[in-house]
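What follows is a short report on a single structure.
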Amino acid sequence: MPPGAVLLFIHFLLASSVYAQKLTNRTIDDTNGDSVTGAVPVYTPEAVWDGPSCNGCAILPNRAQTFDGTYHAATYNSGLRDMEISMSFTGASPCSSRSLAIKRFAGVAIYVFFILANHVADGITTTTAANFSIDGTYRGTFNHTPSTSTDFEFDALVFAQTGLENATHTLVISTQGPNDIYVNFDYAKYT
Ligand SMILES: *[C@@H]1O[C@H](CO)[C@@H](O)[C@H](O)[C@H]1NC(C)=O
Ligand SMILES: *[C@@H]1O[C@H](CO)[C@@H](O)[C@H](O)[C@H]1NC(C)=O
Ligand SMILES: *[C@@H]1O[C@H](CO)[C@@H](O)[C@H](O)[C@H]1NC(C)=O
């Protein structure tokens, strides 16, 4: 191996071991909340949200396939004007005194997982859509058009944002507009 390649390899080993050691994911379950702080998401309007033990809900994903056996689901209609899920998380980056190399990996990140529904029954809305904002700034939109399958899609990554600064952030998932929309939030992960 040429010396340059050896150095690169050592750098890679160091960087990957530091990465594996220092950056970990925490979960925010829809119901049980943050795996470390216990903080739970806030749902508005509160009354429209239901979980797996809902009586009379048309859309019932198999709870055994959900994270922690829980989810929060609701069907938005234009009369609600705005439906939201809000949660805070603090990105704890690696300690900056360790090494300069670590800094490149020091961005914090958040990942949001929904349960997506497809064909359930005629007249049942299973289109999913939401806007995502962090600290009041719009960051992205997710849309799911149901297929003719009756299968649900679990652990569907609907939003990912990396490179956030080391601070407390607030993520808001909102649904607005004229159409009926199904939203099912299972969990989020943050780094
Ligand atoms: C955290 O989870 C996301 C989404 O599953 C994954 O892409 C990422 O590599 C994970 N990060 C760490 C540090 O485990
Ligand atoms: C991230 O913020 C925490 C809390 O303010 C602080 O203890 C830590 O040193 C910070 N890390 C970096 C890399 O700035
Ligand atoms: C996302 O935001 C846009 C712009 O405000 C809005 O027109 C649209 O209805 C929103 N979509 C959802 C699903 O809330």
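Remember, it's 1-based here, ligands and their atoms both numbered in the order they're listed. For the numbers below, each heavy atom of this structure counts, side chains included, while hydrogens, waters and symmetry mates do not. Count residues from 1 along the sequence.
- Annotation: Tyr43 is in aromatic contact with His72 [ring centroid separation under 6.0 Å].
- Residue contacts with ligand 3 do not include Thr141, since none of its heavy atoms lies under 4.0 Å from the ligand.
- Taking distance alone, with nitrogen or oxygen atoms compared against 3.5 Å, Lys189 approaches ligand 1 more closely than that limit.
- For a threshold of 3.5 Å applied to N or O pairs, the pair formed by Gln176 and ligand 3 contains at least one separation below that value.
- Checking Ile181, Asn118, Ile59 one by one against Thr126, the side-chain contact (heavy atoms from CB on, under 4.5 Å) holds for a single residue, Ile59.
- Numbered from 1 in the order shown, with element, the atoms of ligand 1 that lie under 4.0 Å from a heavy atom of Asn25 read 1 (C), 2 (O), 3 (C), 8 (C), 10 (C), 11 (N), 12 (C), 14 (O).
- No N or O atom of Thr191 sits closer than 3.5 Å to an N or O atom of ligand 1.
- The distance from ligand 3 to the heavy atoms of Ala130 drops below 4.0 Å at these ligand atoms: 13 (C).
- Between the choices Val183, Asn131, Asn143, Asp82, the shortest heavy-atom distance to atom 8 (C) of ligand 3 belongs to Asn131.
- Atom 1 (C) of ligand 3 is flagged as protein-proximal [any protein heavy atom, distance under 4.0 Å].
- Taking every non-hydrogen atom of Ala129 and a distance limit under 4.0 Å, the qualifying atoms of ligand 3 come out as 13 (C).
- Between Val183 and Ile85, the closest side-chain pair of non-hydrogen atoms falls below 4.5 Å.
- Proximity of atom 5 (O) of ligand 3 to the protein is not indicated, since no non-hydrogen protein atom lies closer than 4.0 angstrom.
- No side-chain heavy atom of Asn143 sits less than 4.5 Å from a side-chain heavy atom of Thr128.
- Close approach of ligand 3 to Ser174 is summarised as follows: ligand atoms under 4.0 Å from at least one heavy atom of the residue are 14 (O).
- Between Phe132 and Phe159, the ring planes are parallel. Angles under 30° get that label, and only those over 60° would be called perpendicular.
- Looking at Leu164 and Tyr190, their side chains never come closer than 4.5 Å, going by heavy atoms from C-beta outward.
- Near Thr175, meaning under 4.0 Å from any of its heavy atoms, are these atoms of ligand 3: 14 (O).
- Residues Asp29 and Thr70 have side chains that bring a donor and an acceptor to within less than 3.5 angstrom of each other.
- Across Glu165 and Val108, no two heavy atoms sit closer than the pair O-CG2, 3.5 Å.
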